[in-house]
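All of these numbers come straight from a predicted model, not from anything done at the bench.
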Amino acid sequence: MSSPTTHPPAAIHRPLDGIKVVESSSFMTGPLTSVMLADLGAEVIKVEPPGGDGFRGFGHKQGGWSALWSSCNRGKRSIELDLKQPDELAVMKRLLTEADVLVENWRPHVAANLGLGQDVVGALNPRLVRLSITGFGPTGPEAGAPAYDSLIQARSGMMALTPEGREPEVAPYWVVDKVVATFGAQAVLAALVQRGRTGVGSQVSLPMLDVMTYFNFPDIFQHRTFVADASPWRRSFNPVMRTTDGHIVLAPTTGAQMSRTLKALQRDDIKAELKTITNSTEMIDMFFRRVGEVLATQPTAHWMKVFAPFDLPAAPVRQLEEHLQDPQVLHNELFHEIDTPAGAMRAVRYPARYDGAAIPPGGRPPAVGEHAAEIRAGKAAP
């Protein structure tokens, strides 16, 4: 199988070349926002508190380096600043006068308490785009409350979709933080476009609760889209089917696809049985129950070969290691290797291509304060 590819980042033209970002944030929302900007070409200076970002100690580690932190902070330069000290605050202010973007996820009022309120920062650099990621926004009954991925999952209605008879569960991955980071990068890019027209930066407030309400609404809140609709929520059918050695996701969405599924399985008897059912919901439930009984008799690879000639929407359920070796993933050159003090690190390239060209991941994650001397001296990234 192919191995991850490597490219020298400097050899690649990136859309945000020349944009400077100062990031003062922790956990995932702010750091992942700025990783996306870095992958697109921005120079990102990560301002860490004395001793380094506490998030460096989270999650699985290799050679003393957190994999989670490394993925959220690669391609940046690091400086430690104690913003409660006047001389260190002065360094931060100088960085902001030279920057295009500030990314922070402090709680509301922290910036003002540090002497970096919107009025101060806006006066320092009127062209600066200031992204503030908070849990609930700068005002309101929950403005000062702590906010983490799991808490927003709970408050946003996501956990209400737990199957009947089971206790609500937190998603086993940080879906909220990643979605918020994606919206954060989008919001910054929109503000930069606006600055290009007006010449003036803006303060962008991005509450996590607001992001997930926007993100969840089209499908999760179908039964509340129309104000007069008080219908109870009904879970969609489960398209995951067991085989003798794993699972397949089978997702026919039209009558023609359902018909081709039964043709591929050579089960006209099921088709005849379905024709006797007049209720569409009951018919769909019967379809998946009966097809599932058939799929349970053979391995996954067998059924994928059976379905292929019929152009059916089906996919094997991959394990993590299997995904890394997926032929389409390898063809798309999604994974690249970056040298780090902990050894080679796997990183995913930015997913969009520009004029057909892929953009490989930026540089490695920085050590605590690794670039402090050159940043204090005002030297740009090499």
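Phe307 places a side-chain heavy atom less than 4.5 Å from the side chain of Leu250. Ser205 has its side chain within reach of Gln203: a pair of non-hydrogen atoms, C-beta onward, lies under 4.5 Å apart. With contacts defined as side-chain heavy-atom distances shorter than 4.5 Å, the pair His60/Ser66 does not qualify. Annotation: side chain of Arg155 is in contact with side chain of Glu142 (closest heavy-atom distance under 4.5 Å). Between Arg364 and Ser70 there is no side-chain heavy-atom pair separated by less than 4.5 Å. Residues Asp53 and Lys46 are in side-chain contact: their nearest non-hydrogen atoms beyond the backbone lie under 4.5 Å apart. Residues Phe183 and Thr33 are not in side-chain contact: their nearest non-hydrogen atoms beyond the backbone lie 4.5 Å or more apart. In this structure, the side chains of Gln257 and Pro313 come closer than 4.5 Å at one or more pairs of heavy atoms.
Among residues two or more places apart in sequence or in another chain, the ring pair (Phe, Tyr, Trp, His ring centres under 6.0 Å) test is passed with Phe136 by none. Leu151 pairs by the side-chain contact (heavy atoms from CB on, under 4.5 Å) definition with Tyr148, not counting sequence neighbours. Val200 pairs by the side-chain contact (heavy atoms from CB on, under 4.5 Å) definition with Thr198, not counting sequence neighbours. Annotation: side-chain contact (heavy atoms from CB on, under 4.5 Å) contacts of Tyr354 (sequence neighbours excluded): Pro15, Leu40, Tyr350, Ala352, Ile359. Every side-chain hydrogen bond (donor to acceptor under 3.5 Å, both in side chains) that Arg195 has, sequence neighbours left out, goes to Asp100. Applying the side-chain hydrogen bond (donor to acceptor under 3.5 Å, both in side chains) rule to Arg197 yields no partners; only residues at least two apart in sequence or on another chain are considered. Thr297 is linked by a side-chain hydrogen bond (donor to acceptor under 3.5 Å, both in side chains) to nothing, counting only residues two or more places apart in sequence or in another chain. In this structure, the side-chain contact (heavy atoms from CB on, under 4.5 Å) partners of Asn279, at least two apart in sequence or on a different chain, are Thr281, Glu282.
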Checking side-chain contact (heavy atoms from CB on, under 4.5 Å) for the pair Phe287/Leu262: CA distance, chi angles, key distance, verdict?
CA-CA 9 Å; Phe287 171 85; Leu262 298 178; 4.0 Å; yes
Take Asp177 and Thr29, measure what side-chain hydrogen bond (donor to acceptor under 3.5 Å, both in side chains) needs, and give me the verdict at the end.
CA-CA 5 Å; Asp177 283 358; Thr29 55; 5.4 Å; no
Would Ser78 and Glu370 count as a side-chain hydrogen bond (donor to acceptor under 3.5 Å, both in side chains) if you check the C-alpha gap in whole Å, the side-chain angles of each, and the deciding distance to 0.1 Å?
CA-CA 6 Å; Ser78 170; Glu370 179 178 347; over 6 Å; no
Run the numbers on Asp82 and Lys84 for salt bridge (charged side-chain N to carboxylate O under 4.0 Å, His left out), then give the verdict.
CA-CA 5 Å; Asp82 183 352; Lys84 296 179 181 178; over 6 Å; no
With salt bridge (charged side-chain N to carboxylate O under 4.0 Å, His left out) as the criterion, how do Arg353 and Glu333 come out once you've worked through the C-alpha distance, each side chain's angles and the decisive distance to 0.1 Å?
CA-CA 12 Å; Arg353 292 175 181 262; Glu333 296 186 319; 5.2 Å; no
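The nearest pair of heavy atoms linking Gly201 to Arg130 is C-NH1, 4.2 Å. Of all the heavy atoms in Pro365 and Met345, the pair that sits closest is CD-SD, 3.8 Å. When every heavy atom of Met28 is checked against every heavy atom of Phe55, the shortest pair comes out as N-CE2, 4.2 Å. Across every non-hydrogen atom of Pro31 and Ser25, the tightest pair is CD-OG, 3.2 Å.
Proximity of a side-chain donor or acceptor of Thr225 to a complementary backbone N or O of Phe221 within less than 3.5 Å is detected. A distance-only check finds a donor-acceptor pair linking the side chain of Asp39 to the backbone of Gly362 [under 3.5 Å]. In this structure, Glu273 contributes its side chain and Ile270 its backbone to no donor-acceptor pair below 3.5 Å. Although no hydrogens or angles enter the test, the distance criterion places a donor-acceptor pair under 3.5 Å between the side chain of Arg349 and the main chain of Pro351. For the pair Thr340 (side chain) and Ala342 (backbone), a donor-acceptor distance under 3.5 Å is present. For the pair Asn125 (side chain) and Arg127 (backbone), a donor-acceptor distance under 3.5 Å is present. In terms of modelled atom types and a separation under 3.5 Å, the side chain of Arg260 and the main chain of Phe310 share a donor-acceptor contact. Within the 3.5 Å criterion, the main-chain N or O of Arg14 finds a donor-acceptor partner in the side chain of Asp17. At least one donor-acceptor pair under 3.5 Å links the side chain of Lys61 to the backbone N or O of Gly57. Counting only distance, with no hydrogens or angles, the side chain of Lys271 and the backbone of Met258 share no donor-acceptor pair below 3.5 Å.
To the nearest 0.5 Å, the span separating OG1 on Thr134 from CG on Leu209 amounts to 9.5 Å. The structure places CE of Met212 at 5.5 Å from CZ of Phe215, a figure rounded to the nearest 0.5 Å. The distance from atom CD of Gln153 to atom CE of Met158, rounded to the nearest 0.5 Å, is 4.5 Å. Trp303 contributes atom CH2, which lies 8.5 Å from atom CD1 of Ile248 (distance to the nearest 0.5 angstrom). Glu80 contributes atom CD, which lies 13.0 Å from atom NE2 of His371 (distance to the nearest 0.5 angstrom). The OG atom of Ser280 lies 12.0 Å from the CG atom of Leu274; values are rounded to the nearest 0.5 Å.
Comment: Arg94 engages Glu98 in a salt bridge, judged by a side-chain N to carboxylate O separation of less than 4.0 angstrom. Under a 4.0 Å N-O distance rule, the pair Glu88/Arg376 qualifies as a salt bridge.
A side chain to side chain contact (heavy atoms under 4.5 Å, CB included) with Leu37 holds for exactly one of Leu192, Val188, Leu131, Ile19; it is Val188.
When hydrophobic residues (I, L, V, M, F, W, Y) are linked wherever their side-chain heavy atoms come within less than 4.5 Å, the members clustered with Leu124 are Val120. Cluster partners of Val170 are Met159, counting Ile, Leu, Val, Met, Phe, Trp and Tyr whose side-chain heavy atoms approach within less than 4.5 Å, directly or via other members. Its side chain within the 4.5 Å cluster rule, Leu83 clusters with Val22, Ile45, Val47, Ile79, Leu81, Leu89, Val91, Met92, Leu95, Leu96, Leu102, Trp106, Val110, Leu114, Leu116, Val121, Leu128, Ile375 among the Ile, Leu, Val, Met, Phe, Trp and Tyr residues.
In this structure, a donor-acceptor pair under 3.5 Å is present between the side chains of Lys76 and Ser34. Using a 3.5 Å distance cut-off with no hydrogens or angles, the side chains of Thr300 and Asp245 do pair a donor with an acceptor. In the model, Glu104 has a side-chain atom that pairs as donor or acceptor with a side-chain atom of Ser132 under 3.5 Å.
Aromatic ring orientation, Phe58 versus Phe27: perpendicular (interplanar angle above 60°, classes split at 30° and 60°).
Within the structure, salt bridge (Lys or Arg N to Asp or Glu O under 4.0 Å) pairs that include any residue of residues 310-324 comprise Arg318-Asp326 (at least two apart or interchain).
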